[in-house]
Amino acid sequence: MKVYKILIDGKWVSSRTGETYKNINPATGKTLGIFQKGGREDVREALKSAWRAFPKWRDTPAPARGEILFRAASIIEKGKRELARTLTQENGKNLEESQGEVQEGIDTLKYLGGEGRRLLGETMPSELKNKFCMTIRQPIGVVGLITPWNFPFSIPCWKLAPALVSGNTVVFKPASDTPLTAIKLGEILMQAGLPPGVLNLVTGPGSTAGEELAVNPMSRATSFTGSTQVGRDVYIKGAQKLCRVGLEMGGKNAEIVLRDANLELALEGAVWGAFGTSGQRCTATSRIILERPIKEEFTRKFLRMVKKIKTGNGFQKGVLVGPIINQGQTEKILGYIKTGREEGARLLTGGKRLSTGNFKRGFFIEPTVFGDVKPEMRVAQEEIFGPVVCLMEARDFGDAIRIANSTSYGLSLSIYTRDVSKSFRAIDKLESGIVYINSPTIGAEVHVPFGGIKNTGNGSREAGTTAIEEFTELKSVFVDYSDKLQKAQIDV
Ligand code: NAD
């Protein structure tokens, strides 16, 4: 069985803890490799290595830094199929989705490689004569990146690409359930020409390796994607050392279907939004809010479609719902299904763990639909993060918006309607970082800012031009060419 190492100072080495762990394929239970259980010491060494590499990397022209990202993108393009297979083995999502995720990584590296030729600041006029004002962008220093398992390739790319092109050096701690995909990405970036120490990668538990990165002042900024519970803790630790913290956290996303919607389109969107990636997306459609007149018809047709969904190993053709990532998550989802029943939601289909035949060694749950869900129920409020969706009834448009906004999260909300006025009113009133009109709650594009409000985020946005903001400091520059002392606010 292959033993994978951690990356410090350009070398793949064993963890100082001397401990390792097995990572398994969640569909088959087969061991994929042995990985280092990196700890605090490893993270400290990684941070030191990143600081040693920083001065030279900072002084490397940004277009040259971008070139490395372009090279990485082209290496990934050549190995796309193989990488997608690794992703399906490790995360479980079906092969088509894995290929889509790898493509998202490629697009991100290309888009942000191009930022190496922009990294735009601004120029402004001065209030004084013969004086010039501008802003320039500079790297923060060493930054810590902490990522989840549900997008183990594209989320690290979303963070690594802007961090690196901006001139930062990095310590990256991937999720414990998906270390192999992260290591493959690390190998590719090294092969593309990153100098030693610019990227350091430590696999290991969040409670030690992750926490050290969040708490250690040698890491000048933390970029975190994961649950709201852990994110809050990372934020507090960042506040204590007065560092910048970018947070992308949980969601409780909803698709609203109004009475005038193209119902077939809304149904297709709902199936994809709720059950793609087995519902293990931060943007997964977890609630479907149906305007009363179309509720019965939508429910009937939706159940017919859900009952046809193929669940299984992501390598099998036609499978939409793959395995749940691990035993703990499986139990958590089953717990929510139990809670839903107890609080009076009507189980319309699914609800059980699949554990016989082909499902025997993996973690599989039937696609599950609850009806008669009320906004105050826990299943309507809390992130389930699995193949479970709640159908809810709304009296009218206003009621639908109110229900959509009635959770503590604010990531992605969608509405299906043919009414332009209602579309724009929804864009205005929905409380979320992302709004979709006539498409499901999932479907990010790398050049469009991504992030949430309320308990989903703390104001940062990944992707788009905003990706650079998370990883740069703005410096304001005043150039006075008047050859005399000019006093702002006084000499005007
Ligand atoms: P998680 O919060 O359990 O873990 C995320 C990362 O944090 C992992 O690398 C983990 O090891 C690390 N970690 C755990 N404890 C830590 C600690 N005390 N200090 C520092 N790091 C620690 O989340 P998960 O289960 O890996 O991912 C699922 C969650 O991620 C869901 O809530 C989902 O909504 C969210 N998510 C959000 C987005 C987004 O962009 N908003 C995208 C994907 C996933």
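The figures here come from the full heavy-atom set of this structure, side chains too, leaving out hydrogens, waters and symmetry mates. Each ligand, and each atom within it, is numbered from 1 in the order the structure gives.
Closest heavy-atom approach to atom 33 (C) of ligand 1 within the set F385, F172, F450, Y409: this belongs to F385. Heavy-atom proximity to atom 29 (C) of ligand 1, evaluated over P148, A284, G226, is greatest for G226. Across the listed options R461, Q280, M249, E462, M249 owns the non-hydrogen atom lying nearest to atom 37 (C) of ligand 1. In this structure, of E383, E248, Q229, the residue bringing a heavy atom nearest to atom 34 (O) of ligand 1 is E383.
If you look at T225 next to ligand 1, the close heavy atoms, those under 4.0 Å, come from the backbone and the side chain alike. Heavy atoms of A209 found under 4.0 angstrom from ligand 1: none, in either backbone or side chain. Looking at L213 against ligand 1, nothing comes within 4.0 Å, counting heavy atoms. Under 4.0 Å from ligand 1, not a single heavy atom of F151 appears.
Within the structure, ligand 1 has A175 among the residues with a heavy atom less than 4.0 angstrom away. Heavy-atom distances between I325 and ligand 1 stay at or above 4.0 Å for every pair. The shell of residues lying under 4.0 angstrom from ligand 1, judged by heavy atoms, excludes G457.
At the shortest separation from atom 36 (N) of ligand 1 among protein heavy atoms lies C282 CB, 3.5 Å. At the shortest separation from atom 8 (C) of ligand 1 among protein heavy atoms lies T147 O, 3.3 Å. Protein heavy atom closest to atom 11 (O) of ligand 1, with residue, atom name and distance, is K173 NZ, 2.8 Å. The protein non-hydrogen atom at the shortest distance from atom 2 (O) of ligand 1 is S227 OG, 2.6 Å. Protein heavy atom nearest atom 15 (N) of ligand 1, with residue, atom name and distance: V230 CG1, 3.6 Å. In this structure, the protein non-hydrogen atom closest to atom 12 (C) of ligand 1 is I146 CG2, 3.7 Å. The protein heavy-atom contact nearest to atom 25 (O) of ligand 1 is W149 NE1, 2.9 Å. Looking from atom 20 (C) of ligand 1 to the surrounding protein, the closest heavy atom is G210 C, 3.2 Å.
Under the 6.0 Å cut-off for aromatic ring centres, W149 and F385 qualify, their centroids lying closer than that. Aromatic ring centroids of F54 and W57 lie 6.0 Å or more apart.
For Y416, the ring-ring contact (aromatic ring centres under 6.0 Å, His included) test picks out no residue, with sequence neighbours left out. Here I427 pairs with F424, V435, I437 under the side chain to side chain contact (heavy atoms under 4.5 Å, CB included) rule; sequence neighbours left out.
S286 and K252 share a side-chain donor-acceptor pair at under 3.5 Å. For the 3.5 Å distance criterion, the side chains of N200 and S49 qualify, holding a donor opposite an acceptor. Defined by atom type and a distance below 3.5 Å, a donor-acceptor pair is missing between the side-chain atoms of E383 and Y409.
Those atoms of ligand 1 that come under 4.0 Å of a heavy atom in P174, given as number and element, are 9 (O). Counting atoms of ligand 1 from 1 in the listed order, those under 4.0 Å from a heavy atom of I155 are 42 (C), 43 (C). Which parts of ligand 1 touch N150 is read off a 4.0 Å heavy-atom cut-off, strictly below it: atoms 43 (C), 44 (C).
Nearest approach of R44 to M218, heavy atoms of both residues: O-CE, 3.9 Å.
With a 6.0 Å cutoff to the six-membered ring centre and a 45° limit on the axis angle, K93 counts as a cation-pi contact of F151.
Comment: E77 does not engage K80 in a salt bridge, judged by the lack of any side-chain N to carboxylate O separation of less than 4.0 angstrom.
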Run the numbers on E343 and R378 for salt bridge (charged side-chain N to carboxylate O under 4.0 Å, His left out), then give the verdict.
-> CA-CA 8 Å; E343 37 184 22; R378 280 184 61 199; 5.7 Å; no
May I have the step-by-step check of salt bridge (charged side-chain N to carboxylate O under 4.0 Å, His left out) for E212 and K237, ending in yes or no?
-> CA-CA 10 Å; E212 182 63 28; K237 300 216 159 90; over 6 Å; no
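Aromatic ring orientation, Y4 versus F35: parallel (interplanar angle below 30°, classes split at 30° and 60°).
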